[in-house]
Each structure stands twice: as structure tokens, then as C-alpha cells.
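All heavy atoms count here, side chains included; hydrogens, waters and symmetry mates do not.
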Amino acid sequence: MWWSESRRKAWCRHALLAGSLLWLSACGFQFRTAPEFPADMAVTYIQADDRYSLFYRELVGTLRRNDIQLTADPAEARTIIRVLNDETGRRTLTVTARNVPAEFEVWYRVTFSVDVNGKEAVPSEEIFLTRDYPFDETQVLGKANEEQLIMQAIARDMVGLLSRRLAAID
């Protein structure tokens, strides 16, 4: 036959890829894009007690990356995001027979509300996320770093949830 075995395999791979892409587009699959914030968020004020928390820093970075101007004066802002509660912690999930922690759970809780043009657009809502990780007493420094990375990932996820909530404001 005029087709070699390698050409036939390549054609099959391309046909399979095209079929997969067609199937994904037919089922409504879309890649997640950055949320589009309402025009009223062009100038935003963030009211928070702790301006050094992971959540606050991630929120500020996300808003700035989306060309939202942050102001230090709430009177200038059309949107006010109030971070009412921003707390984190960890707890022991399991221990070994020698009573040494074997697994920890880290948690992050944020409560927020949003006012747009002086009206409450989002009443007080809470976001609570947890992650667990194994602990090895011989790698204490590495596990401390791992916990910090997990907390940053949780804060990033929480800001993503808040961003989608803000994008849904009419």
C-alpha cells in the first residue's frame, strides 16, 4: 500500500486529537479565564485589619493585575471590600504509636463583605478551605516550608473564589 505504517499511525493520532477537541467543544468545555470585574470596581478600597496576611497580599496582587486601581481613601472608592475576618491555623490529624504527629491539616478562614456605590452588594460571606499534609519528624524544616507553600496556595484559591464572586456582581 502507498501509506507506510508510520504515516497511518500519525494520521490516526491526528484524527484522535481532532475528535477529542471536537468532543470537548461540543460538551461546553472552556478554559478558565481571569474573571471580568464590573466597571464599578475601577477604583476599589480594601478595608482589612491585617495588611500583611497571605490573603490580603494575594488579593491586592490579583486586583492590580486586573488593572483595578486601589486607593487608600475609602471616600474615593466606588467599591469597598471589607475583610472582616482573616485567620489561619493548623491542627493535628493523626499521630504515630509514639505520640508523634504524622499528619497535619492547615486551614484558612476569611469572612468578607462588599459595598458598591454605598450599597451592600455582597453581605457577609465566609470562605473556609483546608488542606492536609503528611509530617515527617526527620524533615522538620522542609515540612515547615511545605506548610507555608500550602497556605499560599490556599490563599490564592480563596482569592480566586472571591474574584469570581466579585465578577458576578451586577
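Under the 4.5 Å side-chain criterion, counting only non-hydrogen atoms from C-beta, E76 is not in contact with Y45. At least one side-chain heavy atom of V60 sits less than 4.5 Å from a side-chain heavy atom of R64. Between D50 and F55 the shortest side-chain heavy-atom distance does not fall below 4.5 Å. Using a 4.5 Å heavy-atom cutoff, the side chains of F135 and T92 are not in contact. Residues L149 and E146 are not in side-chain contact: their nearest non-hydrogen atoms beyond the backbone lie 4.5 Å or more apart. The side-chain heavy atoms of E125 and L161, taken from C-beta on, include no pair separated by under 4.5 Å. At a threshold of 4.5 Å between non-hydrogen side-chain atoms, the residues T79 and V114 count as touching. Between T44 and F37, the closest side-chain pair of non-hydrogen atoms is not below 4.5 Å.
A pairwise comparison of heavy atoms in A167 and P38 identifies CA-CD, 4.2 Å as the closest pair. Here the shortest heavy-atom pairing between L59 and V159 reads N-CG2, 3.6 Å. Shortest non-hydrogen contact noted between M158 and I127 is CE-O, 3.1 Å. A pairwise comparison of heavy atoms in R51 and R57 identifies O-CG, 4.2 Å as the closest pair.
Taking hydrophobic clusters as Ile, Leu, Val, Met, Phe, Trp and Tyr residues chained together by side-chain heavy-atom distances below 4.5 Å, V83 does not share a cluster with I80.
To the nearest 0.5 Å, atom CG of residue L162 and atom CZ of residue F112 are 5.0 Å apart.
Remark: D49 CG is loosely packed, at most 12 non-hydrogen atoms of other residues, nucleotides or ligands lying under 6.0 Å away.
Salt-bridge annotation for R131 and D157: present, with a side-chain N of the basic residue lying under 4.0 Å from a carboxylate O of the acidic one.
Of the candidates I169, V116, I81, M41 forms a side chain to side chain contact (heavy atoms under 4.5 Å, CB included) with just one, namely I81.
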